[in-house]
Q: 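I'd like to ask some things about the structure below.
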Amino acid sequence: MTTSQTGAIQRAAALLGKNPVLHGFTVLSDQDVPELDAHAYVMRHDASGARLLYLPCEDENKSFSIGFKTPPADDTGVFHILEHSVLCGSERYPVKEPFVDLIKSSMQTFLNAMTYPDKTVYPVASTNEQDLMNLASVYMDAVLNPAIYAKPAIFEQEGWHYELDVPQGGQLEDGTLRYNGVVFNEMKGALSDPMDVLDNAVTAALFPNTAYAHESGGNPRAIPQLTYQDFLDNHARHYNLANSYITLYGDLDADRMLAFLDDEFLSRDNAASRACAGDPNPLERQEPVVCDYASIQMDTTPENALVGMAYVLGDALDRKRIVAADLLMDSLMGSNEAPVKKAIMAAGLGGNVTYYTAGDMLQPYGLIMLQNAKPQVARQLRQIIQDECRRLVEQGVPRDRLEAAISNDEYDLRQRDYGIADGVAISCDVLSTWLYDDDAATLALSYNPIYAELRRELDGTYFEDLLRDLVLESDHNALVELIPTGAASAALDVDAADAADEDELENADLETGAPSADAGEAAELAAIKASLTHEQLQQIVDDVERLRAQQEAEDSPEAKATLPRLHVSDIGPARSEPKPVLDANAPLPCLKHNIPTHRLAYALTYFDISHLSYAELPYVTILSRLMQQLATKRRSAAELDSYIDSNLGFLSFRAEVISQPNWKLAAPKLTVAAGALSEKIDALAQIPAEVWRETLFEDIDRIHDVLVQMRIGAEQSFLNAGHAAALARAMSYVSPAAVVAQQLSGVDFYRFLRDLLDNFDERKEELVAKLQELQARIFTSTNTVTSFTGSDEDYRRYWEVAGNLGLTPRTAPAKELYVPMPEPRREAFIIPSDVCYVARSTDPRVLDIQMDGTWAVAAQAVTYEYLWNEIRVKGGAYGCGFRAMMDRQLAFYTYRDPAIDPSLERIARTGEWLSTFEPTQDAFEGMVVSCASGFDAPIKPYALTKRQDNEYFAKRPANWRLELREQLLKATPEDLRQLGKTVTRVAEAAPACVFGGRDIIEASHADLVPVDLLA
């Protein structure tokens, strides 16, 4: 241990160095983990066999996680359903939704669970140690002693059950039988995404004889085959402590936590051990297999045609090979200038090519995916990949691209911005090796030596040899095509004449089931219904009534009292954060942020675009996307791509709209953001300016390719994040700022883009001229503000090199940004999906609603006390919520919802419910604690920079967040009840928008106009 290791690491050493056996845990090994500024202790609980990894470090955002190895044996999604179900009550905490209770009453900074293809993980995080203990207690009892053994209704609710929709006044025999269930509906939404369907087919082809051949989330065509008894059996066989992996992370009291785990759970009997009737499912390696070609069919739009070429990269435990393969493929596929992607795009086989590594499995694989594929190009795609890889093996992989990939990875590793609490991400990362070898608990964390070794390998032929092995001499790969069709069910089409070995394909059952199976599902249900007697139909109705009664029943006071709760006195004072200072003496006005950054620096430049006309706004988004994609005056596009990745952690150009105190106004900006290591400050000061000043709009073919990629990306976002699209669109019916945002993104921009592409040959010259004009008019010093985060020395050096960023005052005359008044449109956008996304959204200022911190507590109560039960639990939607976004948005939304009308009806009753809301004092105080801790949650340096910049441009008053926090701390149940009538008014006045499947929209009686968005 070095002298600099103090605090949590030193305390852990003093505790565990003297006690190799502590509270039933034996320390098996320990080592420094400099990559995390942590130490690692690998332990085993002697009595139960539970594995434990303890990572003491100075992070106050501490975490606990327990995971289980759960390789599926079929497509029923049993482990996904278990992930949901165990969080619906347990022996020690017999409430219906302890998961929801914790969300709305704890100081958690992360609370969720995740099902992977071979494991299920339950992580939590908090900055408060007692809160972390509370969370860990509820999660441990949930996974070891769930209420599922005593309450079959949990399986019905979270998994699947029958429902019979009987017309008013009709007979049971007139009803329509259907499936319902949270996971069932979630997976109908997930498998409406052609990319997910293709990926599932690829894994089935690559690993036909292993657990990875199955859909771990569940295929809606198979989920109803899961019985309650099989459900319980899988829990008993897999949720046992000998099959568990526990991770502790951060600055916590290890002695207390280990004693707690030992005394309360690990040394006690549990439900899984009592019911266990066999061993867990096996997780085995797949012997090499080649799927020369297979096709699947899916009922989706023609634009969703896909081809996937996948290669198994090696074994998860061979970390050098897996990291090197990921870096290599990133250098070959990571951008439009990457050589393999460039060759594919030049061949004109489709609209876009993407690549990703599936690394969270025993045998990681890489998937090259051709989007918007032309018919019958699958084998041509493979040939182009092989030809280009052969050229690179013979001539050498460009070292600048490999260097750029390594540098970019190293930047991300230093930044440590996982998007979630660090300990949660790390607890999942360690399982990418630990799950497969008990001696590999820290293997995934020790990456510094690997990157140092790979840098040395740049001088030899290591990467060329690896590429030859991965692609040219691969004996484990698959080529799969997804063909859009109107067929009711998926099909497998294997060209046996071209197959390397027909026997290798016998087990590659690539039937997708879900989204292409609506007609099959309907026929199946019709046949089931026809086979049922009147008494059996009545039983279905009675069972649903019974389930509804249980869902609506209140937890008893005694059950509620079992949950551990924090009080307002536990949260402490507000977290202090450094405030930015506007440096008017810098060459350009600069918001200087004094935020610790791990020797990183961030520079942002905000260009005003309010001098443009409304019709010009879509071109700004195109201009932003084309930056970095084209050549500059001094570098080719390929050279620029490598140069940026070698010197910057990231560089982005993005048009955005910032709301203003006057709801009729907006501040649209083009924001250029970049980050770099402190050692690369010169590049941070020079590269963004080179790009915005010197980009050449000469490569018409490349411009067209980027526009097609933008269209494909927009369509994917409508499909996968339809709630966000619906919220933004609904807001545009009342807010001028949201109207501007629609011109820059969303539906209006998408329509503009589609029209531009449809008429590209006629409009390309006008497009280039407009982009050149906007480049000259936008990138000026007029009304431009910058922002910088980093050390004082980095700040001094940045401006020393940057000067005025080459910017001069604008000389072109300003145009009038005349924004059309918002119009209520009542749109329901048809997308290729088996679920829908419903939104109601408005600006409270339009309705003269004054908001304060009380609304944050009201949003918490409405979301988790009312909407969750009504729309998720009863309605079967995967998600729902009520937003009270400070003082500039009030909105309802649903996510992956099976129907429109029931959700709209339940939303309409929200205010009535809130008017009668009577929580216990403890429950209400928990909500207040949770809301306050949300204001205090740690935030990464770049995210804090962006938030503070936005607050500056939004003209937020000083200390406004602290004022909101103080207001919510003073909220009372009566304050919330007083908001009931206002919430009713919002539910009535806020316009609605829907994105969803055609059948769902056409079945709705809501006053909405169907719009075929992608036609």
Q: When you compare the side chains of Thr301 and Asn304, does any donor N or O come within less than 3.5 Å of an acceptor on the partner?
A: yes

Q: Take Arg390 and Glu464 through the test salt bridge (Lys or Arg N to Asp or Glu O under 4.0 Å) and record every step on the way to the result.
A: CA-CA 9 Å; Arg390 184 172 294 107; Glu464 286 75 18; over 6 Å; no

Q: With sequence neighbours left out, write down each residue that passes ring pair (Phe, Tyr, Trp, His ring centres under 6.0 Å) with Phe650, or none if nothing qualifies.
A: Tyr942

Q: Step through the shown structure and confirm whether more than 12 heavy atoms of other residues, nucleotides or ligands are within 6.0 Å of CD on Gln31.
A: yes

Q: Which residues satisfy the side-chain hydrogen bond (donor to acceptor under 3.5 Å, both in side chains) test with Asp196, sequence neighbours excluded?
A: none

Q: So with a 6.0 Å cut-off around CD of Glu287, is the heavy-atom count from everything else above 12?
A: no

Q: Between Arg391 and Glu388, does at least one N-O distance fall below 4.0 Å, as a salt bridge requires?
A: yes

Q: To the nearest 0.5 Å, what is the distance between CG on Leu53 and OH on Tyr249?
A: 12.0 Å

Q: Using the rule given for salt bridge (Lys or Arg N to Asp or Glu O under 4.0 Å), can you reason through Arg382 versus Asp292, listing the C-alpha separation, both sets of side-chain angles and the distance that settles it, and then say yes or no?
A: CA-CA 10 Å; Arg382 178 174 55 202; Asp292 186 73; 3.4 Å; yes

Q: Kindly write out the residues that satisfy side-chain hydrogen bond (donor to acceptor under 3.5 Å, both in side chains) with Thr115, not counting sequence neighbours, or none if the list is empty.
A: Glu83

Q: Salt-bridge test for Asp326 and Arg321: reply yes if a basic N is under 4.0 Å from a carboxylate O, no otherwise.
A: no

Q: Tell me, please, whether Phe653 has Arg625 positioned over its six-membered ring: NZ or CZ under 6.0 Å from the ring centre and within 45 degrees of its axis?
A: no

Q: Show every salt bridge (charged side-chain N to carboxylate O under 4.0 Å, His left out) that has at least one partner inside residues 447-460, sequence neighbours left out.
A: Lys320-Glu453, Lys320-Glu457, Glu403-Arg455, Glu410-Arg455

Q: For the side chain of Tyr293 and the backbone of Leu479, is there at least one donor-acceptor N/O pair under 3.5 Å apart?
A: no

Q: May I have the step-by-step check of salt bridge (Lys or Arg N to Asp or Glu O under 4.0 Å) for Arg51 and Asp438, ending in yes or no?
A: CA-CA 8 Å; Arg51 305 161 187 82; Asp438 284 352; 2.8 Å; yes

Q: Measure the CD-CZ distance between Glu35 and Arg414 for me, rounded to the nearest 0.5 Å.
A: 13.0 Å

Q: Run the salt-bridge test on Asp641 and Arg635 with the 4.0 Å N-O cut-off and return the result as yes or no.
A: no

Q: Do Arg654 and Ser624 pair up side chain to side chain, a donor and an acceptor below 3.5 Å, judged on atom types alone?
A: no

Q: Applying salt bridge (charged side-chain N to carboxylate O under 4.0 Å, His left out) as the test, list every pair that has at least one member in residues 417-434; sequence neighbours left out.
A: Asp422-Lys940

Q: List in chain and number order the residues that pass side-chain contact (heavy atoms from CB on, under 4.5 Å) with Asp409, two or more places apart in sequence or in another chain; answer none if no residue qualifies.
A: Leu327, Tyr451

Q: Would you sort out whether Asp400 and Tyr643 count as a side chain to side chain donor-acceptor pair (under 3.5 Å), showing the intermediate values?
A: CA-CA 8 Å; Asp400 63 334; Tyr643 183 58; over 6 Å; no

Q: Carefully, step by step, assess Tyr355 and Leu332 under the rule side chain to side chain contact (heavy atoms under 4.5 Å, CB included).
A: CA-CA 10 Å; Tyr355 170 85; Leu332 304 183; over 6 Å; no

Q: Quick one: do the Thr120 and Thr70 side chains pair a donor with an acceptor below 3.5 Å?
A: yes

Q: Determine the minimum heavy-atom distance between Thr300 and Pro194, stating which atoms define it.
A: OG1-CG, 4.0 Å

Q: Please determine whether side chain to side chain contact (heavy atoms under 4.5 Å, CB included) holds for the pair Asp469 and Asp465, giving the CA-CA distance in whole Å, both sets of side-chain angles, and the decisive distance to 0.1 Å.
A: CA-CA 6 Å; Asp469 191 39; Asp465 296 339; over 6 Å; no

Q: How many angstroms lie between atom CD1 of Ile483 and atom CG of Leu306, to the nearest 0.5 angstrom?
A: 11.0 Å

Q: Check step by step if salt bridge (Lys or Arg N to Asp or Glu O under 4.0 Å) holds for Arg285 and Asp315.
A: CA-CA 9 Å; Arg285 288 173 172 81; Asp315 192 288; 2.5 Å; yes

Q: Before giving the answer on side chain to side chain contact (heavy atoms under 4.5 Å, CB included), spell out for Asn200 and Leu191 the whole-Å C-alpha distance, their side-chain angles and the decisive distance to 0.1 Å.
A: CA-CA 9 Å; Asn200 291 339; Leu191 294 183; 3.2 Å; yes

Q: So, taking the atom named CG in Leu719 and the one named CG in Asp193, what distance separates them when rounded to the nearest 0.5 Å?
A: 5.0 Å

Q: Sequence neighbours left out, what pairs pass salt bridge (charged side-chain N to carboxylate O under 4.0 Å, His left out) with at least one residue falling in residues 333-348?
A: Glu337-Lys342, Glu337-Arg702

Q: Between the main-chain N or O of Tyr311 and the side-chain N or O of His476, is there a donor-acceptor pair closer than 3.5 Å?
A: no

Q: If the condition is side-chain contact (heavy atoms from CB on, under 4.5 Å), which residues does Asp330 pass it with, not counting sequence neighbours?
A: Ala405

Q: Closest approach of Arg401 and Ala638, non-hydrogen atoms and distance?
A: NH1-O, 4.1 Å

Q: Quick check: does any side chain N or O of Lys680 sit under 3.5 Å from a backbone N or O of Ser646, one acting as donor and the other as acceptor?
A: yes

Q: Would the distance check show the side chain of Asn281 and the main-chain N or O of Pro71 forming a donor-acceptor pair, the cut-off being under 3.5 Å?
A: yes

Q: List in chain and number order the residues that pass side-chain contact (heavy atoms from CB on, under 4.5 Å) with Asp437, two or more places apart in sequence or in another chain; answer none if no residue qualifies.
A: Leu317, Asp439, Ala440

Q: If the condition is side-chain hydrogen bond (donor to acceptor under 3.5 Å, both in side chains), which residues does Asp74 pass it with, not counting sequence neighbours?
A: Thr76

Q: Would you please say whether a donor-acceptor pair under 3.5 Å links the side chains of Gln709 and Asp705?
A: no

Q: Nearest 0.5 Å, please: how far is CZ in Arg319 from OH in Tyr447?
A: 12.0 Å

Q: For Thr210, which residues count as a side-chain contact (heavy atoms from CB on, under 4.5 Å) partner, sequence neighbours excluded?
A: Phe207, Tyr212, Gln286

Q: Examine distances only and state if a side-chain atom of Asp475 and a backbone atom of Pro288 form a donor-acceptor pair shorter than 3.5 Å.
A: no

Q: Judged by modelled atom types alone, do Asp199 and Tyr356 share a side-chain donor-acceptor pair under 3.5 Å?
A: yes

Q: Step by step, would you call Val340 with Cys389 a side chain to side chain contact (heavy atoms under 4.5 Å, CB included)?
A: CA-CA 7 Å; Val340 174; Cys389 288; 4.2 Å; yes

Q: What do the steps show when you test Gln629 against Asn336 for side chain to side chain donor-acceptor pair (under 3.5 Å), and what is the final call?
A: CA-CA 7 Å; Gln629 303 284 339; Asn336 284 343; 2.8 Å; yes

Q: Output the distance between atom CD (Glu303) and atom CD (Gln716), rounded to the nearest 0.5 Å.
A: 11.5 Å

Q: Among all residues two or more places apart in sequence or in another chain, which pass the side-chain hydrogen bond (donor to acceptor under 3.5 Å, both in side chains) test with His214?
A: none

